[in-house]
Amino acid sequence: MNKTQLIEAIDNLRKEKNAVIMAHYYQTGDIQDIADVIGDSLALAQKAAQTKADIIVLCGVHFMGETAKIICPDKKVLVPDLNAGCSLADSCPADEFEHFIKQHPNHTVVSYVNTSAAVKALTDVVVTSTNARKIVEMLPKDEKIIFGPDRNLGNYINSVTGRNMVLWNGACHVHEQFSVEKLIELKKQYPKAKVLAHPECKSVVLKLADIVGSTQALLDFATKSDEQQFLVATESGILHEMQKCNPTKEFIPVPPADSTCACNECNFMRLNTLEKLYVCLRDESNEIVVDKETAKKALKPIVRMLEMSK
Ligand code: 13P
Ligand code: SF4
């Protein structure tokens with residue numbers, strides 16, 4: 001099948017099966033273009049909670065599919081490539097995190113959504129990069145908090161809220177890769193450009209940013225801004241929607257260190273393709289399964305997040 005036929009076939013299947021296609025901003029442009037919903041991690045969770053579809057095809061990584069399945073246990077949740085994992089989620093194995101929690105009694109456990117269902121089951125409230133600051137600020141000032149697994153996001157939240165959360169030492173291999181030297185060079189080359197950075201980046205990169213935020217926040221900032229040029233320090237998939245919403249503005253990806261590539265792509269996110277999306281919808285394959293007991297425990301902190309994000 002050529003691309004046009006593939007798009008038509010996916011379109012027919014989604015109508016026939018009452019399926020909804022949801023895509024994260026880090027997916028390839030062709031997947032974002034065919035999706036019914038595109039968004040950041042928070043938007044995907046919120047839309048999953050509202051959908052009337054029987055099948056959710058979650059074009060993103062495994063933890064996003066798990067989150068949708070936990071929210072919608074009666075729906076079939078499919079991910080085009082089940083190997084689409086996440087180095088940040090992998091940096092926090094549930095048994096080690098449980099031990100860490102035991103070492104810090106009387107702490108509220110706040111976990112970033114980039115975690116396995118088993119880690120969410122150990123958590124009091126889940127957050128995403130969109131609502132992390134707001135949710136932490138909603139907790140009483142004297143509350144002792146464990147934050148996992150992203151040390152950069154945790155450090156950033158500590159710095160803007162004045163909290164002293166105990167941090168799990170995890171990170172995303174994509175966002176930690178941005179080169180400060182190349183960013184400084186780009187700032188010289190584009191002196192008027194605004195720097196947009198995701199809070200999973202290292203603090204040396206965040207210090208150079210005009211705005212630090214989730215993919216949605218960065219997109220909104222660029223769209224509202226009167227500036228014409230933007231240096232983007234997050235996974236380069238977001239440039240597709242940024243360019244689509246702002247055809248006259250220029251978006252320049254910040255390159256990773258130790259690479260000749262201009263863009264920084266998440267190898268896990270890029271495992272999903274249009275072809276795999278078609279096959280999984282046709283065969284209803286690659287279904288996300290979450291053990292019932294774990295799902296029940298993991299649902300509570302996700303619902304708490306959705307409530308606190310209203
Ligand atoms: P957001 O979708 O919350 O911006 O998160 C970025 C990310 O790394 C998702 O894997
Ligand atoms: Fe995980 Fe990083 Fe890829 Fe996001 S970009 S899915 S945090 S590895």
Side-chain angles (χ1 to χ4, degrees), residues 24-27 40-42 60-61 63-64 85-92 110-115 127-134 136 147-161 163 165 167-190 193-222 225 227 229-242 251-259 261-270:
H24 189 268
Y25 287 128
Y26 295 165
Q27 293 294 283
D40 66 356
S41 309
L42 176 63
V61 292
F63 77 79
M64 295 177 177
C86 169
S87 57
L88 178 52
D90 289 348
S91 72
C92 188
V110 178
S111 295
Y112 194 29
V113 70
N114 297 41
T115 44
V127 297
T128 72
S129 49
T130 293
N131 57 27
R133 179 181 183 165
K134 178 179 162 181
V136 168
F147 184 89
D150 191 69
R151 58 178 173 239
N152 296 315
L153 176 62
N155 267 320
Y156 173 71
I157 301 294
N158 273 344
S159 73
V160 292
T161 61
R163 303 279 174 133
M165 303 186 297
L167 307 183
W168 178 263
N169 193 19
C172 155
H173 75 297
V174 178
H175 286 89
E176 282 224 317
Q177 263 295 309
F178 287 106
S179 160
V180 195
E181 290 74 22
K182 290 178 188 172
L183 174 55
I184 291 169
E185 273 312 304
L186 282 171
K187 275 171 75 76
K188 283 186 198 147
Q189 218 179 315
Y190 300 93
K194 294 285 175 201
V195 179
L196 317 177
H198 195 281
E200 288 172 24
C201 297
K202 286 182 178 168
S203 61
V204 278
V205 170
L206 298 183
K207 282 194 184 109
L208 296 173
D210 294 291
I211 170 148
V212 176
S214 65
T215 41
Q216 187 64 53
L218 302 183
L219 173 63
D220 293 346
F221 179 87
S225 171
E227 296 300 333
Q229 292 174 326
F230 302 88
L231 302 174
V232 185
T234 190
E235 212 269 2
S236 54
I238 186 67
L239 269 76
H240 181 73
E241 187 63 12
M242 282 179 171
F251 297 95
I252 304 109
V254 178
D258 303 329
S259 163
C261 299
C263 294
N264 200 357
E265 293 183 350
C266 172
N267 50 316
F268 295 116
M269 285 279 180
R270 304 304 168 117

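Computation of the quantities below employed the complete heavy-atom set of this structure, encompassing side-chain atoms and omitting hydrogens, waters and symmetry-equivalent molecules. Here the structure is a predicted model, which means the values were calculated and not measured.
Once rounded to the nearest 0.5 Å, the distance linking CG of Asn114 with OG of Ser129 reads 7.5 Å. To the nearest 0.5 Å, atoms CE (Met165) and CD1 (Ile157) are separated by 6.0 Å. Taking CE of Met269 as the start and OG of Ser236 as the end, the distance is 11.5 Å to the nearest 0.5 Å. Going from atom CZ of Phe147 over to atom CZ of Arg163 covers 13.0 Å, rounded to the nearest 0.5 Å. With values rounded to the nearest 0.5 angstrom, Tyr190 atom OH is found 8.0 Å from Leu231 atom CG. Atom-to-atom distance recorded for Glu241:CD and Phe251:CZ is 10.5 Å, nearest 0.5 angstrom.
Without hydrogens or angle criteria, Glu235 side chain to Cys266 main chain gives a donor-acceptor distance under 3.5 Å. Looking at Trp168, its side chain does come within 3.5 Å of a backbone N or O of Ser91 through a donor-acceptor pair. In terms of modelled atom types and a separation under 3.5 Å, the side chain of Asp210 and the main chain of Val195 share a donor-acceptor contact.
Listed by chain and number, the residues in a side-chain contact (heavy atoms from CB on, under 4.5 Å) with Asp220 are Gln216, Lys224 (sequence neighbours excluded). Residues meeting the side-chain contact (heavy atoms from CB on, under 4.5 Å) test with Asn131, sequence neighbours left out: Leu42, Val127, Thr128, Ile135, Met305, Ser309. Applying the ring-ring contact (aromatic ring centres under 6.0 Å, His included) criterion to Phe268, with sequence neighbours excluded, gives His173.
Taking a 6.0 Å sphere around NZ of Lys202, one finds it holds 12 or fewer heavy atoms contributed by other residues, nucleotides or ligands.
No option in Thr215, Leu196, Val174 other than Thr215 meets the side chain to side chain contact (heavy atoms under 4.5 Å, CB included) test with Thr234.
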>> Assess the residue pair Asn158 and Leu167 against the criterion (side-chain contact (heavy atoms from CB on, under 4.5 Å)); give the C-alpha distance rounded to whole Å, side-chain angles, the decisive distance to 0.1 Å, and a yes or no.
In response: CA-CA 10 Å; Asn158 273 344; Leu167 307 183; 4.0 Å; yes

> Can Tyr156 and Cys201 be said to form a side-chain contact (heavy atoms from CB on, under 4.5 Å), step by step?
Replying inline: CA-CA 10 Å; Tyr156 173 71; Cys201 297; over 6 Å; no

> Are Val232 and Leu239 close enough, and set up right, to give a side-chain contact (heavy atoms from CB on, under 4.5 Å), and what steps lead you there?
Replying inline: CA-CA 8 Å; Val232 185; Leu239 269 76; 3.9 Å; yes

>> Go through it in stages, so that I can follow the logic: the residues are His198 and Ile238, the test is side-chain contact (heavy atoms from CB on, under 4.5 Å), and I'd like the CA-CA distance, side-chain angles, deciding distance and then a yes or no.
In response: CA-CA 11 Å; His198 195 281; Ile238 186 67; over 6 Å; no

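In this structure, Lys182 and Pro256 approach most closely via the heavy-atom pair NZ-O, 2.9 Å. Shown here for Met64 and Ser41, the closest heavy-atom pair between the two residues is CE-OG, 3.8 Å. The two residues Ala197 and Val205 have their closest heavy-atom pair at CB-CG1, 4.4 Å. Considering all non-hydrogen atoms of both residues, Ala171 and Asn152 come closest at CB-ND2, 4.4 Å. Nearest heavy-atom pair across Pro199 and Asp150 is O-OD2, 4.1 Å. Smallest separation of non-hydrogen atoms from Ala233 and His175: O-CD2, 4.4 Å.
Considering only heavy atoms from C-beta on, Phe221 comes within 4.5 Å of Lys194 through its side chain. Contact annotation: the side chain of Met242 approaches that of Leu218 to within less than 4.5 Å [non-hydrogen atoms, C-beta and beyond]. Side-chain contact between Phe178 and Asn264: present, with at least one pair of heavy atoms (C-beta onward) separated by less than 4.5 Å. A 4.5 Å side-chain heavy-atom check between Cys92 and Tyr112 finds every atom pair outside the cut-off. Within the 4.5 Å cutoff, the side chain of Leu88 has heavy atoms near those of the Pro149 side chain.
A donor atom on one side chain and an acceptor atom on the other are not found under 3.5 Å apart for Ser203 and Asn155.
Checked for salt-bridge contact, Lys188 and Glu185 meet the test: a charged N lies under 4.0 Å from a carboxylate O.
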